[in-house]
J.: 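My questions will all concern the structure given below.
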Amino acid sequence: MQQNKKSGKSLRLSLLMLLFVSAATSICAASKRGLDIYFIDVEGGAATLIVTPQGESLLIDTGYPGDRDAGRIAHVAIEVAGLRQIDHCVITHWHRDHVGGVAFLAKLIPIKKYYDHGLPQTIASDMQVENIEAYRVTTEDKSNTLKPGDEIALKTLKYLPLLKVRVLAAGGVVLGEQSNVPQIRPCGENFEAKAEDTSDNVNSIGILLTFRRFKFFDGSDLTWNIENRLACPRNVVGTVDVYQVDHHGVDSSNNPALVAALNPRVAIIDSGPRKGAEAHTFVTLKSLKQIEAIYQLHRNLRTTDRDNTMAGYIANEEEACQGNFIKLAVDETGNSYTVSIPPKRITRTYRTR
Ligand SMILES: [Zn+2]
């Protein structure tokens, strides 16, 4: 009897210990998650999915209208990242390669909150009324207008690392400016302004994500002159680790003044087989002394190898492709990150600057 009591006690004790150990392990596991960024192939549009250490998700842009891009985004979100919903969805501007997929995607996965630079008062010639209308219906007219300086509130716990998503440009205004009056200031001796961009690209939401020491800039489709205002007279963004190359790598964007100010170690171009990843952008990126790698979602088929990055850095080689994505995983300390092209079993690790 005595014996049984004793062993009952020690059994309870061991069970308690086991419970304690497994609880502690799962807390450790939860706090040891890093931050993931998926660059999803939408054939020259944009769709960048960020998953925080807490499992919260932020999707920046939704690709073109139709099932193809929405299907690819939903596949990565649900099957690869294990998400059940998109918590935050930012539409950087009203062009179809960014807003187009939203209504299709919302049918495949719940989207909780929407952000944009403000619905257009009139539909300009570079916008399609059906895409704006589909967005309004999908969001039920409940979206948040972002302005420079705004932050997207993401869950962070006190003991977990610093995580911040901040808007540095939106609606044609750069953080620190009073209005959207064009105010070009020369950046270096060779600076030349281009003709003023009257498209909605100039209104793109440009975002800086900070995770501990790691910094990532997604400037969407910002163009030459407003890029200049991000760099001069003050470097608004600062230096970054990873740069999502502006405007799919076209040459009307990627002003050398901004690219030099960002001074990224890794550049990722969300190009299509016949869109983006243009020659001058490559010259600018390659001129950076500290650049370690340039990745492309697609080989640019309109040009030669010289104006493409190296083969092992391109997610999709052919026009008829599998829609391979690029994954960037920042480790839980923020001190290093890996860039991988999973279907090609390519993975490389970089140190945070
Ligand atoms: Zn675009």
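We count ligands from 1, going down the list as the structure has it; atoms in each ligand are counted the same way.
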J.: Is the distance between the ring centroids of His98 and His247 less than 6.0 Å?
T.: no
J.: Mind checking whether His95 and His93 have parallel, tilted or perpendicular rings, split at 30° and 60°?
T.: perpendicular
J.: Quick one: how many protein N/O/S atoms are under 2.8 Å away from the Zn ion (ligand 1)?
T.: 4
J.: Find out whether the Lys NZ or Arg CZ of Arg348 is both under 6.0 angstrom from the six-membered ring centre of Tyr313 and within 45° of the ring's axis.
T.: yes
J.: Would you call Asp97 and Tyr64 a side-chain contact if the rule is heavy atoms closer than 4.5 Å?
T.: yes
J.: Restricting to non-hydrogen atoms, name the atom on Ile205 and the atom on Ile91 that form the minimum distance, rounded to 0.1 Å.
T.: CD1-O, 3.7 Å
J.: How are the rings of Tyr115 and His88 set to each other: parallel, tilted or perpendicular (split at 30° and 60°)?
T.: tilted
